[in-house]
2 protein chains.
Amino acid sequence: MKKKLTINDIAAQANVSKTTVSRFLNHKYDNMSEATKNKIAQTIEASGYQPNRQAQTLKTASTHTIGVSVADLSNLYTSRLLKGISTFLHQTKYQMIIMDADNNLQREQNNLQVLLNENIDGLIIQPLAHHPDNYQIIQDNALPTIQVDRYVEPFTWPAVVSDNFQKSVEVAQLLEKNNFKHVIIISNSITGISSRMNRVQGITSHLQSIDISYELLEIENSNDWQIQLQFKIKESSKKVAIYALNSQVLWPIMRVLKASNLKVPQDVGVIGFNDDDLADLVAPGITAIEQQPILIGETATQQLIDNLNQHKSNTDITRIKSKIEIRNSL
Amino acid sequence: MKKKLTINDIAAQANVSKTTVSRFLNHKYDNMSEATKNKIAQTIEASGYQPNRQAQTLKTASTHTIGVSVADLSNLYTSRLLKGISTFLHQTKYQMIIMDADNNLQREQNNLQVLLNENIDGLIIQPLAHHPDNYQIIQDNALPTIQVDRYVEPFTWPAVVSDNFQKSVEVAQLLEKNNFKHVIIISNSITGISSRMNRVQGITSHLQSIDISYELLEIENSNDWQIQLQFKIKESSKKVAIYALNSQVLWPIMRVLKASNLKVPQDVGVIGFNDDDLADLVAPGITAIEQQPILIGETATQQLIDNLNQHKSNTDITRIKSKIEIRNSL
DNA sequence: CTGAAAGCGCTAACAG
DNA sequence: CTGTTAGCGCTTTCAG
């Protein structure tokens, strides 16, 4: 193992003081002779010296690390969000520390405390809770923060999310056009999750205005939702469609329909959010909303870094466009 | 914003020296009076003091951070691997810094350098390259390392991977049982990726022994693989099956079959790795190999941490069992 | 144009 | 049982 070199070693080898080396490292060439500059450059090059990040941090109080708190690490939406963040960060001097809240409020709190202890320069959070009071700790530490996918209310930090409301209005219009008369909106827990709430608000606002009936099925609150769903569809006298608020419910729904021999779209229409890119392969081809999680991640990261660098300080909600892919399930 | 407290503040408030506070922080109660212990505990509790990690690190040369280098951040396999790592780490004092190589060797090298600069205590790597020489930098720094999903050869660091060879032998047996006479093995680039190489070796070793013909189609080397594939299937006089070495090729293959009206399993059998959990929903239900990436992540992390703590120092390849789910595509 | 010296917050001899 | 002191590797006044 190579012995770790320090700034002192370089200073000694280059016959200058460590102050000068430090200046070189930080590109403060204001008044530095070409000679010394070259000499230092050479010895650093030759030795492969790398400054110690922790020592720099201790002195400058900037870790060049940003924290990322995600709701659940193990799904493709998250994965792509992270890809976007990583892609943007790659061209900066920042690293990321990712923490998984695992959909657990207590764990999310712990994670934030850990991130704070790490002295992160900024935070990207996909919040589990809906009220900023849950994140007092962020405010107390005046931590530069940006939200992704969801946001707390009242408004506290900028956010980058999908165009959930607007796209859900379009879903309603599409259902109307296809003559559906009743809509079952299905989601896992909605309470406090702005993206899902916005989706419900979007579709219901339009359905109400055109007199199409609807109901909400929150499947985390029920153990027999599969039975209920079959029953609702089979007993309905109206032409019924399902709006699945995310892929975590869309695929289980498709399994239920398949198992109970309900044909799509003959017996029931289906539209939902497709986070796995396989909606085209699931028979009969599911009409689905495609979000842009990578772009959300990139955009959020850019805004956060810009904010840290004082280039500007965005404080708004940015809505990233998603797209409805028409297939054969309506 | 609360002013950041230091160990000096606590020492002053508790009327002890900072040494004593430090000892308390590090649970060195050997000879500490209950009185001071309580006093310190109280003032820390009351003030919400949290020690500065960078300062601790500078002194102890341990960051309690482990680096994670993944091949590609944006797929579900990776996502679950990370979930496993995160789950295990959560019960330790270690944090993780994740770096995405984005399937780019140069970028992987940069990432390793960055991680080294961060003074990580250990590394979990899903290596892009197959020869340890590519990772000289890890060896130079004697960085405790464990490989996941794939490994370099000759043997250098312990690894936790799927039972790729064994499971591929079973695939061959299954194809034999179902009377297939020709197998098209399809993958994206195989060279240097041990998991894929093991899969090829596993299936071909058995096919050879029972005289079933096979061929390999590496779709990263060809732009017209879709055409080729159709042609091979339609022109074959034998009963042919496809073995898709991962989901990134499995789903595109299914799209081709669908588009060219080739019926599964009548015209061609299909078996492949299912990393997205949707193999049952894709008609006619794809017989697939299910890996356990979460368990791989957990196991690898445990081994690494055990190694760091000197509990033991595993130096072998650990193979995590996967499972073949029989459906209707063979 | 460059260096000496102080100090970031913490830990670990060593001393008592 | 507890405190004094030095120092981890770096940056930053301040002085020259």
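Labels below follow one simple rule: chain letters A, B, ... track the order of the sequence lines, proteins then strands, and each chain is numbered from 1. From a predicted model like this one, the values you see are computed outputs, not experimental measurements.
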Atom pair distance, as rounded to whole Å: CD1 in A:Ile44 and P in D:dG9: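 For the pair A:Ile44 CD1 and D:dG9 P, the rounded distance is 16 Å.
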
Distance, rounded to the nearest Å, where A:Asn26 contributes CG and D:dT13 contributes P: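 Distance, rounded to whole Å: 12 Å.
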
N/O (side chain, A:Lys28) to phosphate O (OP1/OP2, D:dT12) under 4.0 Å: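 Answer yes for this pair, as a side-chain N or O of A:Lys28 is under 4.0 Å from OP1 or OP2.
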
Phosphate OP1/OP2 of D:dG9: any A:Asn8 side-chain N/O under 4.0 Å: no

A:Pro51 vs A:Gln56 side-chain heavy atoms within contact, under 4.5 Å: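 A:Pro51 vs A:Gln56: side chains touch.
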
Aromatic ring proximity B:His27/B:Tyr29, centre distance under 6.0 Å: yes

With A:Gln113 via side chain to side chain contact (heavy atoms under 4.5 Å, CB included) - residues at least two apart: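 A:Gln113: side chain to side chain contact (heavy atoms under 4.5 Å, CB included) contacts with A:Leu116, A:Asn117, A:Ile137, B:Gln50.
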
Between the side chain of [X] and the main-chain N/O of [Y], is any donor-acceptor distance below 3.5 Å?
{"X": "B:Thr43", "Y": "B:Lys39", "value": "yes"}
{"X": "A:Asp100", "Y": "A:Leu73", "value": "yes"}
{"X": "A:Ser79", "Y": "A:Asn75", "value": "no"}
{"X": "B:Gln303", "Y": "B:Ala159", "value": "no"}

For the residue pair [X] and [Y], what are the closest heavy atoms and their distance?
{"X": "A:Met96", "Y": "A:Ile85", "result": "SD-CG2, 3.9 Å"}
{"X": "A:Arg53", "Y": "B:Asn119", "result": "N-ND2, 4.5 Å"}
{"X": "B:Tyr94", "Y": "B:Thr65", "result": "CD2-N, 4.0 Å"}
{"X": "A:Ile296", "Y": "A:Ser162", "result": "CD1-OG, 3.5 Å"}

Interface residues of residues 111-118 of chain A with DNA chain D (non-hydrogen, below 4.0 angstrom): none

Residue-level proximity of residues 51-60 of chain B to DNA chain D when a heavy atom falls under 4.0 Å: B:Leu58, B:Lys59

List, with names and distances, any nitrogen or oxygen atoms from the protein found under 3.5 Å away from nitrogen or oxygen atoms belonging to nucleotides 1-4 of chain D.
residue : atom : partner : partner atom : Å
D:dT2   : OP1  : B:Ser33 : OG           : 3.1
D:dT2   : OP1  : B:Thr36 : OG1          : 3.1
D:dT2   : OP2  : B:Ser33 : N            : 3.1
D:dT2   : OP2  : B:Thr36 : OG1          : 3.0
D:dG3   : OP2  : B:Ser17 : N            : 2.9
D:dG3   : OP2  : B:Ser17 : OG           : 3.3
D:dG3   : OP2  : B:Thr20 : OG1          : 2.7
D:dG3   : N7   : B:Arg23 : NH2          : 2.9
D:dG3   : O6   : B:Arg23 : NH1          : 3.2
D:dG3   : O6   : B:Arg23 : NH2          : 3.2
D:dT4   : O4   : B:Thr19 : OG1          : 2.8

Approximate separation, where rounding is to 0.5 Å, of B:Ser17 OG and B:Arg23 CZ: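 Between atom OG of B:Ser17 and atom CZ of B:Arg23 there are 6.5 Å.
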
Segment of DNA chain C, first to last nucleotide, that comes within the 4.0 Å heavy-atom reach of chain B: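 So the outermost contacting nucleotides come out as C:dG9 to C:dA13.
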
Could you list the donor-acceptor pairs under 3.5 angstrom formed between side-chain atoms of residues 124-132 of chain A and any protein atom two or more places apart in sequence or on another chain?
residue  : atom : partner  : partner atom : Å
A:Gln126 : OE1  : A:Ala71  : N            : 2.9
A:Gln126 : NE2  : A:Asp149 : OD2          : 2.9
A:His130 : ND1  : A:Tyr151 : O            : 3.4
A:His130 : ND1  : A:Gly192 : O            : 3.4
A:His130 : NE2  : A:Glu153 : OE1          : 2.9
A:His131 : ND1  : A:Asp133 : N            : 3.0

